Amino acid sequence: MNLRTLLGERLQAALQEAGAGDAPAIVGPATRPEFGDYQANGALAAAKRLGMKPRDLASRVAAAADLSGIAARCEVTGPGFISLTIDDDCLSEALADSRIEPVGSGERVVIDYSHPNLAKEMQVHHLRSTIIGDAVARILDALGYDVIRQNHVGDWGTGFGRLVAHLNDIGEDSDALGDLERFYTEASERFTSDPAFADRARRVVVDLQGGDPATLERWQRYIDISMSHCQAVYDRLGVGLNPGHVRGESAYRDDLDGIVADLDAKGLVVEDDGALCAFLPEFKETDGRVAPIIVRKSDGGYLYHSTDLAAVRYRTQTLHAKRVLYVVDARQSLHFKQLFALAKRAAYDAGASLEHHRFGMMLGNDGRPFKTREGSGTRLLDFLDEATVRARRLVEAKNPELDGKEMDRVARAVGIGAVKYADLSKNRTGDYVFDWDAMMSLEGNTAPYLQYAFARIQSLFQRGQVDAAALTGKPTIREVEEHALALQIARFQEALEQVATTVMPHHLCTYLYDLAAAFMRFYERCPVLDSDVRNDRLLLCRQTASTLSRGLDLLGIETVDRM
RNA sequence: GCGCCCGUAGCUCAGCUGGAUAGAGCGUCGGCCUCCGGAGCCGAAGGCCACAGGUUCGAAUCCUGUCGGGCGCGCCA
């Protein structure tokens, strides 16, 4: 249940009854505790339009609103705010039924994320897209959307010419493919230093695009190996991606001629300097130049604009997506603006919402793009190794009695969880500073703090020999701390829906952190095991734990019973 | 040259269709354990929300400009 939506509907009806037409109620969390749990600001804005005194309108709205069973108090405050306090029985009901409401109604959403370049191994800069995309996909899934994950891997393009040419030269049985990074570097070096090799590489590109079977076979072999590296990273990260989600650039290679012919037929492209370009007026700059969208190079080759257009068409017309989410680096902003504009002109969007959800770079403490501690590289696997090692060191120091197997599991959950949370909790459109010590400090808004809160509740059940699953009934709310905690638990749905609309998982992180804080205050003030109302409080504990665990799970973060 | 993004406490970050006295964590200072994990709780100090105008009953939020920082801009993706 979404209390905020419910209050919004009831108050909007009251606004209408009070003569304010279809003015929105504008319900949000109260800004201060003395103003209750929620506040509605809509009467202020509406009163102005109607030429009424805000307080008068607010009073009429408050009187007209049907809030029985929802709000225990509804009163006008200040210049015309409506302050609302949720009824304790209502909270109690909400706790008893904590299912996620499927507001997605099966609407199909395609989400494009991770999309590593298969020419080399996954790098640290692939982390954000992979993690954010995974969390968003999980959350939309949980809300009842029909989510289709698309891993648009970079498996096609001129770069593969040199790789396959190098593979041709050294023999495909060579174990050189065991180290993709080295292989890639060698191929690149030869390409710049050896003109004859560069020529061969360019011919390979032609062969590839022409569909030469032997060349395609070599290429496929390279792709398979590279893809298995990616899968290892995905498994390690615990994200839901698998080979079934892969639909890379090469999947659209046979569509490109048709796309470009179609753009031409629609009069959207012209030849310029030998290249085929679209010049859309909205990309006209103040100096009169128009930024071009090149869909075919002067040598006849295609670029990623064409591939991406084909992908848009596939996602909207074949997959029938209503919404296509691109979780991609902010540096691609112009590309996506152009892509979406051209796709609309060509009617490839089929009315779907095409959305680029950008993110900034991960910076080190020095304010420069992040590198692993050694400064040598940015291989994602090395980075995850370091995270796990650091987490293990931490957990060993705090809780040395965990045995080897459990220690491994905890180190993984804490290490990977901390990395993910550090990223997800700061989903700004700009860059963010990654700091090992801050994210592993186990204090403040971190994954370990939330995991700890969960573990602490499990420990409480264990100490009290409580079978949490067997607890029944609806808790009666008595103390203000209980009310605050119950309210926060009930707001889970709001947090999820907020992520669904904004595609910003940090709203869920903030929610969970506030939930943990509300629990800590409750726990400090309200004894649980040695209490006359033990069952009620145990129920609150159980719902806190399950909400924490579900929320973290939707972020792709594991919980552990002891840590 | 043109364009996009960012500028909030010493540091790292929130601030949800414009709302009441701008919030957390770290760090600093001060309280709280006969009590369920102190990895905690309570409190204090710390802000011209980069700057200047504008719109509004009301602006960190919207508009314009200036100054800082990041990124991007014809045949890589």
Side-chain angles (χ1 to χ4, degrees), chain A residues 4 24 26 28-32 34-35 39 41-42 44-45 47-48 54 77-81 83 115 117 119 154 156-159 249 272-277 283-289 291-299 301-305 307-308 329-335 337 358 360-361 363 365 367 394 398-399 422 425-426 428-435 437-439 441-446 448-449 451-453 455-457 459-461 463-464 494-495 498 501-502 504 506-507 509-510 513-514 517 520-521 523-531 537 541 562-563:
Chain A
R4 189 176 172 179
I26 314 184
T31 51
R32 307 179 66 77
E34 59 264 38
F35 301 137
Q39 64 184 49
N41 306 334
L44 273 169
K48 196 197 163 200
T77 52
F81 298 104
S83 296
H115 42 249
N117 180 352
W156 200 245
T158 50
E249 294 171 340
D272 193 82
D273 269 351
L276 211 52
C277 305
F283 297 103
K284 186 172 186 172
E285 291 163 356
T286 48
D287 57 3
R289 285 173 49 243
I293 305 171
I294 302 177
V295 296
R296 195 179 65 200
K297 298 192 285 180
S298 50
D299 67 2
Y302 294 109
L303 296 164
Y304 75 151
H305 258 121
T307 307
D308 282 353
D329 193 313
R331 287 176 296 191
Q332 301 295 328
S333 294
L334 177 60
H335 167 69
K337 270 186 189 156
R358 77 185 78 197
M361 283 187 296
L363 304 177
N365 269 327
L394 195 76
K398 292 293 179 191
N399 202 347
S425 62
K426 288 190 277 279
R428 314 186 69 203
T429 49
D431 301 338
Y432 86 102
V433 177
F434 182 89
D435 179 55
D437 295 327
M439 73 175 221
S441 77
L442 304 176
E443 287 172 2
N445 191 7
T446 65
Y449 173 80
Q451 289 167 320
Y452 169 71
R456 193 170 179 182
I457 297 170
S459 161
L460 180 76
F461 291 145
R463 171 178 274 263
E494 283 173 44
Q498 199 175 7
T501 34
T502 60
M504 289 189 174
H506 80 274
H507 288 122
C509 295
T510 304
Y513 181 61
D514 289 344
M520 292 297 181
R521 280 191 287 270
Y523 192 66
E524 193 78 18
R525 174 78 207 292
C526 305
V528 177
L529 294 178
D530 185 22
S531 160
R537 290 183 175 165
C541 290
R562 297 198 299 165
M563 60 183 278

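Since this is a predicted model, take the numbers as computed values, not measurements. Naming: A, B, ... by sequence-line order, numbering from 1 per chain.
For the pair R537(A) CZ and rC36(B) C1', the computed distance is 12 Å after rounding to whole Å.
Considering only side-chain atoms of R463(A), the nucleotide from rG19(B), rC36(B), rA77(B) that sits closest is rC36(B). Distance from the side chain of A275(A) is smallest to rC75(B) among rC13(B), rC75(B), rC76(B). Here the nucleotide nearest the side chain of L460(A), chosen from rA20(B), rC36(B), rC76(B), is rC36(B). Out of rG25(B), rG15(B), rC36(B), the shortest distance to the side chain of H507(A) is found at rG15(B). For R32(A), counting side-chain heavy atoms from C-beta on, the closest listed nucleotide (rG74(B), rC76(B), rU21(B)) is rU21(B). You'll find that the side chain of Y304(A) is closest to rA77(B), out of rG23(B), rA77(B), rG19(B). Nearest to the side chain of M361(A), among rG74(B), rG25(B), rC71(B), sits rC71(B). Considering only side-chain atoms of T31(A), the nucleotide from rA24(B), rC13(B), rA20(B) that sits closest is rA20(B). The listed nucleotides are rG72(B), rC16(B), rC4(B); the one nearest the side chain of R331(A) is rG72(B). Side chain of S83(A), nearest nucleotide from rA20(B), rC71(B), rC36(B): rA20(B).
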Enumerate all atom pairs, one protein N or O and one N or O from nucleotides 54-58 of chain B, separated by less than 3.5 Å.
unit_1: rU56(B); atom_1: O3'; unit_2: K48(A); atom_2: NZ; d: 3.2

Please tabulate, one pair per line, each protein N/O and nucleotide N/O from nucleotides 40-50 of chain B that are separated by under 3.5 Å, including the distance.
unit_1: rG40(B); atom_1: O2'; unit_2: E524(A); atom_2: OE1; d: 3.4
unit_1: rG40(B); atom_1: N2; unit_2: E524(A); atom_2: OE2; d: 3.3
unit_1: rC41(B); atom_1: O4'; unit_2: E524(A); atom_2: OE1; d: 3.4

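Both distances falling under 3.5 Å, in either a Watson-Crick or a G-U wobble arrangement, place rU64(B) opposite rA52(B). Under the Watson-Crick or G-U wobble criterion, with both distances below 3.5 Å, rU34(B) is left unpaired in every strand shown. Across every strand in view, rC2(B) sits in a pair with rG72(B) that passes the Watson-Crick or G-U test at under 3.5 angstrom. Shown here, rU21(B) forms no base pair; nothing in the strands shown gives a Watson-Crick or G-U wobble contact with both key distances under 3.5 Å.
With hydrogens and angles ignored, a donor-acceptor pair under 3.5 angstrom links the side chain of S298(A) to the base of rC75(B).
C526(A) comes within contact range of at least one nucleobase, with a heavy-atom separation under 4.0 Å.
Stacking between Y523(A) and rC36(B) is present: the aromatic ring centre lies within less than 5.5 angstrom of the base six-membered ring centre, and the two planes differ by under 30 degrees.
The shortest distance between the side-chain N/O atoms of H506(A) and the OP1/OP2 oxygens of rG15(B) is below 4.0 Å. Between T429(A) and the phosphate of rC6(B), there is a side-chain N or O to OP1/OP2 separation shorter than 4.0 Å.
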